[in-house]
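Below, chain A is the first sequence line, B the second, and so on; all start at residue 1.
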2 protein chains.
Amino acid sequence: MTTDNKAFKALSDPTRREILGLLRHGERTAGDLAERFEMTKPSMSHHFAVLKNADLITSRRDGQQIWYGLNTTVVQDLMAWVMDLLRGDGKKRKGPPKED
Amino acid sequence: MTTDNKAFKALSDPTRREILGLLRHGERTAGDLAERFEMTKPSMSHHFAVLKNADLITSRRDGQQIWYGLNTTVVQDLMAWVMDLLRGDGKKRKGPPKED
DNA sequence: GATTAAGTTAGATTACTATCTAATTAGATA
DNA sequence: TATCTAATTAGATAGTAATCTAACTTAATC
């Protein structure tokens, strides 16, 4: 499984989840994102860095601005992990499984 | 959206994610789960409490033992959240959306 | 080339969290 | 009822993380 601990750590902060939500529809600049939160720019920059490090977002510089975008590949890995939880083995029971 | 911050916080710890993985196939007792990790029982008990508080697991007492199980309802909410990220609006573009 | 604008990096502070040992609760059993 | 087992609760400690201000970097513009 490619689903890394960093991704889950990154998702554990509500600000960062909100950032990802804003990136659903396409790229946005750091400044555009930052001004939507009641937080200093350095704090926002920190959150971008965490998301980037977890590979949840992409970034590219265009002149003075930096555009951030959603990395759907890693988000898909996350979804696979969650789906796996729900799949089970089709033999749910009360009581302990034989082995694991 | 019913997806609570507590659930994401709970998922941010690898031990807790592993616990959820062990519950995929059915209920297990606290002791059975605990002995699979190189960690003291109180530490494991703490993790159970966090998962319970996030509503990710159910629990019931049976004599001396406590059986824990996966709460698939909340896991489904999580999956909905992740899927929503991927859905976007079908109009991805380079550059800023009009508004949000 | 000095200044302004967009963003990040550095360093400090405060709050939270994972883990441990020791003590406690709850149930089963001799 | 004394004791053994399963599990949690209490309290302490050490590491991590979110946020701020101040300082720096990179690019555009006058």
Expected rows: protein N/O vs nucleotides 21-30 of chain D N/O, under 3.5 Å:
from   : atom 1 : to    : atom 2 : distance (Å)
D/dA27 : N3     : A/Q64 : NE2    : 3.4

Would you mind reading off the distance between A/M44 atom CE and C/dT9 atom C1', rounded to a whole angstrom? 17 Å

Nearest whole Å is fine: how far is C/dA26 C1' from B/R60 CZ? 17 Å

Can you tell me if the side-chain N/O atoms of B/H46 get under 4.0 Å from OP1 or OP2 in C/dC20? no

Can we say A/R24 and B/D84 salt-bridge, meaning some charged N sits less than 4.0 Å from an Asp/Glu carboxylate O? yes

Measure from NZ on B/K6 to P on C/dC16 and round the result to the nearest Å. 14 Å

Identify the nucleotide, in any strand shown, that forms a Watson-Crick or G-U wobble pair with C/dT13, with both distances under 3.5 Å; if there is none, say none. D/dA18

In this structure, how many angstroms lie between the P atom of D/dA7 and the CE atom of B/M39, rounded? 17 Å

State which residues pass side chain to side chain donor-acceptor pair (under 3.5 Å) with B/N5; sequence neighbours excluded, sorted by chain then number. A/R17

Interatomic distance where NZ belongs to A/K52 and P belongs to C/dT9 [whole Å]: 10 Å

Nucleotide D/dA18, atom C1' - distance to CZ of A/F48 in whole Å: 15 Å

Once you measure the plane-to-plane angle for A/F8 and A/W81, does it fall in the parallel (<30°), tilted (30-60°) or perpendicular (>60°) bin? perpendicular

If the threshold is 4.0 Å, N to carboxylate O, is there a salt bridge linking A/E27 and A/R60? yes

5'-most contact on DNA chain C: A/K41 or B/S12, nearest heavy atom basis? A/K41

Rounded interatomic separation in angstrom, taking NE2 from B/H47 and C1' from D/dT8: 14 Å

5'-most contact on DNA chain C: A/K9 or A/A30, nearest heavy atom basis? A/A30

So, is B/Y68 near the phosphate of D/dA6, with a side-chain N or O under 4.0 Å from OP1 or OP2? no

Does the side chain of B/S12 pick up a donor-acceptor pair with the side chain of A/K9 at under 3.5 Å? no

Measure from CD on A/E18 to C1' on D/dA18 and round the result to the nearest Å. 16 Å

Look up atom CG in B/D4 and atom CG in B/L78, then write down how far apart they are to the nearest 0.5 Å. 9.5 Å

Cationic N near anionic O, under 4.0 Å, B/E18 to B/R36: no

